[in-house]
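First the structure, in the form of structure tokens, and then the observations on it.
Small disclaimer: the values here were computed from a predicted structure and weren't measured. The figures that follow rest on heavy atoms only: side chains count, while hydrogens, waters and symmetry mates do not. Count residues from 1 along the sequence.
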Amino acid sequence: MPAVAATNLGYTPPDGGWGWAVVFGAFISIGFSYAFPKSLTIYFKEIQDYFSVSYSEIAWVSSIMLAAMYAGGPVSSVLVNRYGSRPVVMLGGLMVGVAMVIASFGKTIIHLYLAVGVVGGFGLAFNLQPSLTIIGTYFQVKRPMANGIAMAGSPVFLSTLAPLNQFLFDSFGWRGAFFVLGAIVLNCCVAGSLMRPVVKRTQVQANANHAVSNGSSTSERVASEDNTGATSAGLLSEREETPRRGCAEKISGFIDLSLFKHRGFLIYLVGNVVMFFGFFAPVVFLAPYAKNRGVDEYSAAFLLSIFALVDMFARPGTGLIANTKLIRPRIQYFFSFSVAYNGVCHLLLPFAPGYAGLVVYAVFFGVAFGMVCALLFEVLMDLVGPQRFSSAVGLVTIIECGPVLLGPPMSGMLVDIYGDYKYMYYACGVMMLVPGIFLFIMNYYNYKWLDQEERQRVSSSVEVGTAKLSVAGGERVAQVKMSSKELGNSTNETESLTC
């Protein structure tokens, strides 16, 4: 397993300046990526009647779009590693816009699957992953806060697109609305144009003020610059130093498969895969659960508005807290707590009395959901470092594609079996609480092992330095002795000549 991930970027990130324009662009791109599939559900009833299809068939439009967005992660990573974030985001915005325009002329539901689902989903993937990656190149000290602000785009755009889609639907129908949405989503191209490559200022001192990586100790760690330094230096170094003989080596030329040997990455991946089985279902079933308990439709929908409003402020607030000196060095614990906190909220919901209890749940769940979303990719960058983040997020998203798709249907199956939503919330609570506890325990040992590895590295460096000093000192003593001996011989010869 590799030791501490390299956080020495080889330059000093500006931690501001044009970086805030990049954060604004990421705010737009991430907002469209997460909110767009959810907001399209407003048109489902009309499309269902138009094509005479079942609800499950029309529901596949959003499912395919979300699956394509997650499955396109590795492709997006390859493109970002090769061309940078700006052209990839602009391409993604163009793809989603064209997909929506083509879908407005669709003749069958299959046309929507291909246009909105596949093409649009891959376009959203090209918007999401590069936006997350470029923030790590502009920010180091303020990175958690920048990520929190960028991730707040999701609830902001969701709360904006929902009434906008309703207005477009009432005014133009679903075909005209899709055409207008295709034009609106082209703003992702404008957002991508803001993501110019960072101007790199070379660091004078290699050991000065590096950001925390892999959950390193309060005294910020520096990656060792020994013979294995290229392992954690990124894809470029690997391509330069490692001869590519087989298929795995060829793939590693595009995406860093050595992450599967990274201890912190594997801990994060296992916890997240389990977590995502119960992550989205509570949001999807919140309004139906309220209606099942006798709440009217307007009040049930208002619960989602409360949830979105709280989530909107929780994400940047979490970024500010995560950026403090107390939390930043051990940010993995903060993420573990936020995951477990979600699970506790779901487990307590069935005991909430009346509509007031549902409002309280919506508030606390909004905070918990916002905390996880704000930290989800920040802790991944903290583990693997900014250089390997592009590959890491691509691998994570394609693996999480399964639980993201299967989670809500499996939860709905529990409702069908038991005829009550509370068992679904119990299951989701367990699915969140267990990985939260797992992440907390495993991160404790990971921090402990990292501290031990750092002490061993420092001890080895000190021993090597001491040995070099000893050898140099021995050579100096030998030189002095030789000089003394030669001086003595010269004195004896002089005395002999004098006699």
Hey, mind stepping through Phe377 and Val396 against side chain to side chain contact (heavy atoms under 4.5 Å, CB included) and telling me if it holds?
-> CA-CA 10 Å; Phe377 295 107; Val396 166; 5.6 Å; no
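- Residues Asn342 and Val339 are not in side-chain contact: their nearest non-hydrogen atoms beyond the backbone lie 4.5 Å or more apart.
- Looking only at side-chain heavy atoms (C-beta outward), Ile30 and Phe157 stay at 4.5 Å or farther from each other.
- Aromatic ring centres of Phe365 and His346: separated by under 6.0 Å.
- Heavy-atom minimum distance, Gly192 versus Val89: CA-CG1, 3.5 Å.
- With hydrogens and angles disregarded, no donor-acceptor distance shorter than 3.5 Å links the side chain of Ser131 to the backbone of Ala26.
- Between Val22 and Phe139, every side-chain heavy-atom pair lies at or beyond the 4.5 Å cut-off.
- Of the possible donor and acceptor atoms, none in the side chain of Ser154 sits under 3.5 Å from a partner among the backbone N and O of Met151.
- Aromatic ring centroids of Phe172 and Phe179 lie 6.0 Å or more apart.
- When all heavy atoms of Pro316 and Ala152 are compared, the pair lying nearest together is CD-CB, 3.8 Å.
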Do Gln332 and Leu383 pass the side chain to side chain contact (heavy atoms under 4.5 Å, CB included) test, and can you show the C-alpha distance, the side-chain angles, and the key distance before you say yes or no?
-> CA-CA 9 Å; Gln332 302 296 329; Leu383 286 168; 3.4 Å; yes
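- Note that the CD atom of Gln140 and the CD1 atom of Ile135 stand 14.5 Å from one another [nearest 0.5 Å].
- Here the closest heavy-atom approach between residue Val180 and residue Leu168 is recorded as CG1-CD2, 3.9 Å.
- One N or O on the side chain of Ser171 and one on the backbone of Phe167 form a donor-acceptor pair closer than 3.5 Å.
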Under 3.5 Å, which donor-acceptor pairs do the side chains of residues 96-104 form with other protein atoms, sequence neighbours left out?
residue : atom : partner : partner atom : Å
Ser104  : OG   : Val101  : O            : 2.5

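- For the atom pair CG (Leu439) and CE (Met442), the distance works out to 9.5 Å, reported to the nearest 0.5 Å.
- For the atom pair CZ (Phe105) and NE2 (His111), the distance works out to 13.0 Å, reported to the nearest 0.5 Å.
- Here Arg328 contributes atom CZ and Ile321 contributes atom CD1; the two are 14.5 Å apart, rounded to the nearest 0.5 Å.
- Looking at heavy atoms from C-beta onward, Met275 lies in side-chain contact with Leu376 at the 4.5 angstrom threshold.
- Here the options are Asp382, Leu380, Val379, the test is side-chain contact (heavy atoms from CB on, under 4.5 Å), and the partner is Phe335; only Val379 passes.
- Across all non-hydrogen atoms, the minimal contact from Ala67 to Cys401 is O-SG, 3.6 Å.
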Derivation of the side chain to side chain contact (heavy atoms under 4.5 Å, CB included) call for Ile109 and Val61 | CA-CA 9 Å; Ile109 193 66; Val61 174; 4.2 Å; yes
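- Side-chain atoms of Phe337 and Tyr333, non-hydrogen and from C-beta on, never get closer than 4.5 Å to each other.
- Side-chain contact between Val198 and Tyr138 is present, with heavy atoms from C-beta onward closer than 4.5 Å.
- To the nearest 0.5 angstrom, Tyr447 atom OH is 6.0 Å from Asn443 atom CG.
- Judged by distance alone, the side chain of Asn81 and the main-chain N or O of Val78 form no donor-acceptor pair under 3.5 Å.
- For the atom pair CZ of Phe438 and CG of Asn272, the computed distance is 10.0 Å after rounding to the nearest 0.5 Å.
- Of the N and O atoms on the side chains of Asn127 and Ser33, not one donor lies less than 3.5 Å from an acceptor on the other residue.
- Listed for the Ser77 side chain is a donor-acceptor partner under 3.5 Å among the backbone atoms of Ser390.
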Output, in order, the C-alpha distance, side-chain angles, deciding distance and verdict of side chain to side chain contact (heavy atoms under 4.5 Å, CB included) for Tyr43 and Leu181.
-> CA-CA 12 Å; Tyr43 305 102; Leu181 283 175; 3.7 Å; yes
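- A heavy-atom distance below 4.5 Å is found between the side chains of Pro155 and Arg315.
- Annotation for Phe364 and Tyr341: closest pair CD2-OH, 3.0 Å, computed over non-hydrogen atoms.
- Checking side-chain atoms of Arg86 against main-chain N and O of Ser193 turns up a donor-acceptor pair under 3.5 Å.
- Side-chain contact check for Leu40 versus Met65: some heavy-atom pair is nearer than 4.5 Å.
- Ring to ring, Phe24 and Trp20 are not that close: their centroids are 6.0 angstrom or more apart.
- Taking every heavy atom of both residues into account, Cys428 and Ala281 meet most closely at SG-CB, 3.9 Å.
- Aromatic ring centroids of Phe279 and Phe369 lie under 6.0 Å apart.
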